[in-house]
**Student:** 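To start, I am sharing the structure in question, which I have written as structure tokens.
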Amino acid sequence: MTKRILVRFGDMMLKQQNIGFFIKKVREHMMKQLSVFEVNYTLRHDRIFIDYQAKDEDEIITTLKKIPGILDFSIAYLTEPDLDHIIKLGQEILNQEVNHDGVLFKIETKRQNKRFPLTSQEITHCVAKPIIDGSKWKMKVDLTHPEVVLHIEFRHEAAYLYLTRIPGMGGFPYGSQGKGMLLISGGIDSPVAGYLAIKQGIDLELIHFESSPLTPLESVDKVVELAKTLAGYTANGAITLHLIPFYQIHDKILHDVFDPYQITVMRRMMLRIAERLAIKRKNMCLITGESLGQVASQTLFSLKVIEEVTQLPILRPLITDDKLKVIEQAKKIGTYEISIRPYEDCCSIYVPKQPVTKPVTKLALTYEAPIHQEWLIDETISNIQTLTITKDFPYIISSYGIQLKDAIQAMQMELMTPDDHIQTK
Ligand code: ATP
Ligand code: MG
């Protein structure tokens with residue numbers, strides 16, 4: 001039996017005006033990611049058909065699940081667009097894919113070829129009985145609660161028969177909504193927020209604040225691992241990660257800021273720096289993994305005082321999700337196991353015993369006065385280390401040193417040759 005993958009598009013089908021642009025973007029993303037396989041495409045305005053080698057089926061399915069803008073896809077069997085061929089193929093599919101008697105069954109037909117003299121319903125009517133009678137299983141027609149649905153897509157060039165729709169990411173094509181910068185920690189939430197932003201069409205960059213040598217560089221390696229996973233969802237399989245040496249500011253906060261306000265001030269400083277870099281790199285928004293009520297810094301009072309320092313919109317895809325839902329999603333996208341590895345980052349080390357849950361701007365301004373200095377921000381930004389992280393980024397940064405800049409320099413020296421992974425400013 002000849003098979004073809006039938007790919008369908010997602011939400012973007014609603015956007016009639018931009019549809020051509022969107023479909024082109026998804027196609028480009030798909031073709032780039034599938035270029036390692038031997039495949040052929042048939043492009044239609046609402047579908048893509050892929051011919052492929054049977055041995056690659058599993059890997060192609062995994063790849064398609066990571067492309068935003070694809071609603072779902074089916075492994076479809078292909079035959080001549082006439083009733084006899086459809087009946088024969090229908091029987092073969094049921095013989096192969098059903099494994100017991102008594103299955104509740106239904107056929108759904110969609111007729112694309114309007115010149116064919118029968119309507120969709122008439123086609124179903126003509127083929128249903130012969131398919132059921134000719135299959136080796138006893139099946140019961142149940143139109144309301146079927147266990148197995150045989151879909152028939154009747155098109156001009158061929159008829160496609162399939163049983164299941166494999167869900168894709170949905171959403172919009174990668175980058176079709178513009179650029180955004182995700183504040184990524186080593187935790188569970190922010191990588192999920194990043195995934196959701198990618199799904200919704202954002203071209204994502206990552207910014208991570210690290211406090212080596214106060215915190216171990218292993219926590220940076222953890223973020224690199226998370227970035228590798230997110231890179232798997234981007235159009236070219238790579239993602240930019242900005243590492244901000246935050247030690248100097250962090251240390252000053254721990255010494256000079258009234259304890260309950262330390263987290264508030266830390267977040268405000270992070271957002272100030274993230275905004276500067278985001279604007280410089282033409283990002284239109286910041287994105288965080290914040291979720292309402294989860295910790296002291298995520299009350300409405302806190303969110304307000306923290307976000308006052310930036311003009312950019314802040315997207316918080318997880319804001320009303322509960323933790324269990326986020327964990328479930330993290331497991332699905334492959335970041336959970338990385339996120340739960342035990343390393344301290346700058347927000348988990350030396351957290352104040354009683355962080356304020358209702359901060360006020362006036363006090364935040366007072367307490368942060370010794371820290372909020374332009375030279376400190378400038379100096380921090382001038383020491384940013386920017387990496388291009390691909391799915392197979394090979395380096396372990398912590399094996400080159402205990403402090404970020406030295407480690408990356410040592411890494412570069414050891415490699416001797418210029419490396420595509422390290423971006424110079
Ligand atoms: P996460 O699981 O994403 O760490 P969290 O529930 O632990 O989230 P916080 O530690 O309060 O929450 O952080 C809230 C948000 O602030 C994070 O989701 C992330 O977007 C951002 N953030 C926290 N720490 C850092 C960091 N070191 N670098 C960059 N962004 C950070
Ligand atoms: Mg955290």
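When a ligand or atom number is given, it counts from 1 through the structure's own listing order.
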**Student:** Relative to the ring of His29, is the ring of Tyr174 parallel (under 30°), tilted (30 to 60°) or perpendicular (over 60°)?
**Tutor:**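 Correct class here is perpendicular.
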**Student:** Report yes if some N/O of Pro191 lies less than 3.5 Å from some N/O of ligand 1; otherwise report no.
**Tutor:**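 No, since none of the N or O atoms of Pro191 sits under 3.5 Å from an N or O of ligand 1.
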**Student:** Checking Arg8 against Ser74: is there a side-chain donor and acceptor pair closer than 3.5 Å?
**Tutor:** yes
**Student:** Just let me know how Gln298 lines up against ligand 1, side chain, backbone, both or neither, with a heavy-atom cut-off below 4.0 Å.
**Tutor:** side chain
**Student:** Within a radius of less than 6.0 Å around NE2 of His156, do more than 12 heavy atoms belonging to other residues, nucleotides or ligands occur?
**Tutor:**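 Counting neighbours around NE2 of His156, 12 or fewer heavy atoms of other residues, nucleotides or ligands fall under 6.0 Å, so no.
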**Student:** Is the closest side-chain donor-acceptor distance between Gln409 and Asp406 under 3.5 Å?
**Tutor:** no
**Student:** Mark up the atoms of ligand 1 that fall under 4.0 Å of a heavy atom belonging to Thr288, in ascending order.
**Tutor:** 20 (O)
**Student:** Could you check whether Phe49 and Tyr160 have their ring centres less than 6.0 Å apart?
**Tutor:**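 Distance test on ring centres: under 6.0 Å, yes.
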**Student:** Below a 4.0 angstrom heavy-atom separation, can you tell me which part of Ile207, side chain or backbone, both or neither, approaches ligand 1?
**Tutor:** backbone
**Student:** For ligand 1, which atoms, with element, lie under 4.0 Å from some heavy atom of Ile188?
**Tutor:** 2 (O)
**Student:** Taking atom types as modelled, is there a side-chain donor on Thr357 or Thr299 under 3.5 Å from an acceptor on the other?
**Tutor:**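 No, Thr299 and Thr357 have no side-chain donor paired with an acceptor closer than 3.5 Å.
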**Student:** Any atoms of ligand 1 less than 4.0 Å from a non-hydrogen atom of Asp189? List them with their elements.
**Tutor:**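 By the 4.0 Å cutoff, the relevant atoms are 1 (P), 2 (O), 3 (O), 5 (P), 6 (O), 8 (O).
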**Student:** Within less than 4.0 angstrom of ligand 1, does Glu210 place any heavy atom?
**Tutor:**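 Distance cut 4.0 Å: Glu210 fails for ligand 1.
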**Student:** Tell me whether Leu183 has any N or O atom under 3.5 angstrom from an N or O of ligand 1.
**Tutor:**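 Between Leu183 and ligand 1, an N or O pair is found under 3.5 Å apart.
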**Student:** Atom 18 (O) of ligand 1: which of Ala193, Gly186, Gly289 has the nearest heavy atom?
**Tutor:**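 Selected option, by shortest heavy-atom distance: Gly289.
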**Student:** If we only count N/O pairs under 3.5 Å, is Ile184 in contact with ligand 1?
**Tutor:**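 Yes - when backbone and side-chain N and O of Ile184 are compared with those of ligand 1, one distance drops under 3.5 Å.
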**Student:** Using a 4.0 Å cut-off to any heavy atom of His208, which atoms of ligand 1 qualify?
**Tutor:** 26 (C), 27 (N), 28 (N), 29 (C)
**Student:** If you measure from the Lys or Arg side-chain nitrogens to the Asp or Glu carboxylate oxygens, is any gap between Asp203 and Lys179 under 4.0 Å?
**Tutor:**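 No, this pair does not count.
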**Student:** Does CD belonging to Gln354 count more than 12 external heavy atoms closer than 6.0 Å?
**Tutor:** no
